[in-house]
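Below are the structure tokens for one structure; questions will follow.
Naming convention: chains lettered A, B, ... in sequence-line order (proteins, then strands); numbering from 1 in each chain.
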Protein chains: 2
Amino acid sequence: MRLTTKGRYAVTAMLDLAIHYEDGPITLADISQRQGISLSYLEQLFAKLRRKGLVDSTRGPGGGYRLSRIPAEIPVADVIIAVDEKLETTRCGGLGNCQEDERCLTHDLWTELSDQIYNFLSGISLGNLVSRQTIQDVAARQDGNQKINLDTVERETVAVS
Amino acid sequence: MRLTTKGRYAVTAMLDLAIHYEDGPITLADISQRQGISLSYLEQLFAKLRRKGLVDSTRGPGGGYRLSRIPAEIPVADVIIAVDEKLETTRCGGLGNCQEDERCLTHDLWTELSDQIYNFLSGISLGNLVSRQTIQDVAARQDGNQKINLDTVERETVAVS
DNA sequence: ACTTACCCGAGTGTTTTAGTCAAGTATATT
DNA sequence: AATATACTTGACTAAAACACTCGGGTAAGT
Ligand code: FES
Ligand code: FES
């Protein structure tokens, strides 16, 4: 298994989408600002999320991304797998052939661990996360900061023009 | 979290030691042969395992490594941590500061996942693994192959001399 | 027309991985 | 004492993975 920023960013971005689920399409620029993830990198991630059918996109002004299903129906595991991170800890990829085509000593252990991880992450949906108080708190802080940042930008823009 | 061959090899090697726990010191050459792990790489891993006090070493002919405690008292988690693989899935390393010194949206999720993984791997000891039938089967196969390989080497040596 | 915002592929510096290699030290056997 | 065994240490490296960036495109709204 490897859980890197790719998988973490994907879940973070999808969770942002879940939090603002009622607000219509959300632009990547918004997510980038709120979550502190580079816009170009987000584009890369959302290309995969779209291909896997987890999000729908609308182009042009007023466009953006939205979840293809309600948040409660999107397990975290699906998001991570969509961006190509495997929740697999075996060396053989489940084939049981990593020692000269036969199973190695620890194959069963890693298989059990993988199941454990997969079960945990499929048991938690985006909707589940959104309803948590601690996450609402962070979201509120981010929306506040974003507003402040926008105000600043606006003021600066005015000052320049 | 990253679970790579380093961690997997460490557990495999330690399990080999646990299986042959009653046979006195085991040489890295034996483990290398049975488990198909490069000798030099094993040396690197065992340097860490020794520093962390998981194995004891004896030098010279008849020497080798042995577990410092009985297999039942060595959890798999300890072995993985000993070779520097972190069972941590947060980006912040548990500090809760990965978004401009504040906690990010997904911090709690990764913390729970880390706990889940840690609990699973500390609940399983080398002794526990040794007692499993599937693992005994693999071990038996390996001992068989090793004997065959040794016979071959012996025959070849005789043939050459 | 013009702006917004998604779409796509290629490229790139840095870090990690998965080892190797060489030289040295302690111990046991002959 | 000589020799072989086996642990000990440190430095080194090719190749892969990571975490992005850049540049140009296309569709939709106003
Ligand atoms: S991990 Fe599956 S055979 Fe080794
Ligand atoms: S993972 Fe801990 S703050 Fe982001």
Side-chain angles (χ1 to χ4, degrees), chain A residues 1-13 17 20 23-33 35-68 80 83-86 88-89 91 98 157, chain B residues 1-13 17 20 23-33 35-68 80 83-86 88-89 91 98 157:
Chain A
M1 183 211 192
R2 50 172 196 276
L3 183 54
T4 62
T5 55
K6 186 160 50 165
R8 275 188 292 249
Y9 278 174
V11 175
T12 304
L17 239 46
H20 301 91
D23 306 354
I26 306 294
T27 68
L28 292 187
D30 278 348
I31 300 178
S32 165
Q33 198 159 86
Q35 308 305 333
I37 306 172
S38 128
L39 181 59
S40 322
Y41 201 39
L42 278 175
E43 285 176 343
Q44 210 175 95
L45 296 178
F46 273 82
K48 291 184 176 181
L49 294 170
R50 201 178 69 91
R51 261 178 248 134
K52 297 289 164 69
L54 289 176
V55 294
D56 293 328
S57 61
T58 320
R59 293 165 91 129
Y65 287 94
R66 78 185 80 191
L67 300 180
S68 63
I80 298 177
V83 293
D84 290 339
E85 305 227 289
K86 311 228 174 301
E88 254 288 345
T89 56
R91 176 180 168 76
C98 87
T157 311
Chain B
M1 183 210 193
R2 50 174 197 274
L3 183 55
T4 61
T5 55
K6 184 159 53 165
R8 275 189 290 249
Y9 278 173
V11 175
T12 305
L17 239 46
H20 300 91
D23 306 353
I26 306 295
T27 68
L28 292 186
D30 277 349
I31 299 178
S32 165
Q33 197 159 88
Q35 308 304 333
I37 307 172
S38 129
L39 180 59
S40 319
Y41 201 38
L42 278 175
E43 286 173 344
Q44 211 176 94
L45 297 177
F46 273 82
K48 292 185 175 182
L49 294 171
R50 201 179 69 92
R51 262 178 247 134
K52 298 288 165 68
L54 289 175
V55 294
D56 294 327
S57 61
T58 319
R59 292 164 92 129
Y65 287 94
R66 80 186 78 192
L67 300 180
S68 62
I80 298 177
V83 292
D84 291 339
E85 305 225 290
K86 311 230 176 300
E88 255 288 344
T89 56
R91 177 179 168 77
C98 87
T157 312

Fill in: Interatomic spacing from NE2 in A:H20 to CD1 in A:I31 - rounded to 0.5 Å
9.0 Å
Fill in: Separation of C:dC7 P from A:E43 CD (nearest whole Å)
9 Å
Worksheet entry | Separation of C:dT16 C1' from B:L3 CG (nearest whole Å) | 15 Å
Discussion item. Taking the minimum atom-to-atom distance to the side chain of A:T4, which one of D:dC18, C:dG19, D:dC20 wins?
Written reply: D:dC18
Worksheet entry | Nucleotide nearest A:S38 (side chain, heavy atoms from C-beta), chosen from D:dT21, C:dC7, C:dG19 | D:dT21
Worksheet, complete the sentence: When rounded to whole Å, the CZ to P distance for the pair B:R51 and D:dC7 reads 16 Å
Worksheet item: In terms of the nearest nucleotide of DNA chain D, which residue is placed more toward the 5' end: B:G63 or B:R91?
Response: B:G63
Worksheet item: For DNA chain C, whose closest nucleotide is more 5', that of B:T5 or that of A:G64?
Response: A:G64
Worksheet item: Does any N or O in the side chain of A:E85 come within less than 3.5 Å of the main-chain N or O of A:T4, such that one atom is a donor and the other an acceptor?
Response: yes
Discussion item. Need one value for A:Y65: base, sugar-phosphate or nothing, where a base atom within 4.0 Å counts as base even if backbone is also close, heavy atoms only.
Written reply: sugar-phosphate
Worksheet item: Can you find a side chain N or O atom of B:R50 that sits less than 4.0 Å from OP1 or OP2 on D:dT9?
Response: yes
Discussion item. For A:R8 versus B:T89, what's the shortest heavy-atom pair and its separation?
Written reply: NH1-O, 2.5 Å
Discussion item. In this structure, how many angstroms lie between the C1' atom of C:dC8 and the CG atom of A:L42, rounded?
Written reply: 16 Å
Worksheet, complete the sentence: Between CZ of B:R8 and P of C:dT16 the distance, given in whole Å, is 18 Å
Worksheet item: If you look at every strand shown and take non-hydrogen atoms under 4.0 Å, does A:L45 touch a base, only sugar-phosphate, or nothing?
Response: nothing
Practice prompt. Could you state the atom-to-atom distance from CD1 of B:I37 to P of C:dT17 in whole Å?
Written response: 17 Å
Practice prompt. For B:Y9, report the nucleic acid contact type (base, sugar-phosphate, nothing); a contact means any heavy atom under 4.0 Å.
Written response: sugar-phosphate
Item to complete: Name the nucleic acid region contacted by B:S40, choosing base, sugar-phosphate or nothing; use a 4.0 angstrom heavy-atom cut-off, strictly under.
Response: base
Side-chain donor/acceptor pairs under 3.5 Å, residues 42-66 of chain A, sequence neighbours excluded:
unit_1 : atom_1 : unit_2 : atom_2 : d
A:K48  : NZ     : A:D84  : OD2    : 2.9
A:K52  : NZ     : A:A82  : O      : 3.2

Discussion item. What I want to check is whether an N or O donor and acceptor connect the side chain of B:Q44 with the base of C:dT20 at under 3.5 Å.
Written reply: yes
Worksheet entry | For A:L39 against A:A29, the heavy-atom pair lying closest together | CD1-N, 3.8 Å
Fill in: Residue whose closest nucleotide on DNA chain D lies nearer the 5' end, A:L39 versus A:R2
A:R2
Worksheet item: Within this structure, what is the NZ-to-C1' distance between B:K48 and D:dG10, rounded to whole angstrom?
Response: 13 Å
Discussion item. Closest approach to the side chain of B:Y41, judged atom by atom: which nucleotide of D:dC20, D:dT9, C:dA18 is it?
Written reply: C:dA18
Fill in: Nucleic acid contacts of residues 53-61 of chain B, taken as heavy-atom distances under 4.0 Å to DNA chain C
B:R59, B:G60, B:P61
Fill in: Euclidean distance, A:K86 NZ relative to A:M1 CE, rounded to 0.5 Å
12.5 Å
Discussion item. Over all strands shown, is A:I26 touching base, sugar-phosphate only, or nothing at heavy-atom distances under 4.0 angstrom?
Written reply: sugar-phosphate
Worksheet item: For A:Y41 and A:T5, what are the C-alpha separation, side-chain angles and deciding distance, and is it a side chain to side chain contact (heavy atoms under 4.5 Å, CB included)?
Response: CA-CA 11 Å; A:Y41 201 39; A:T5 55; 4.1 Å; yes
Worksheet entry | A:S32 side chain to A:L28 backbone, donor-acceptor under 3.5 Å | no
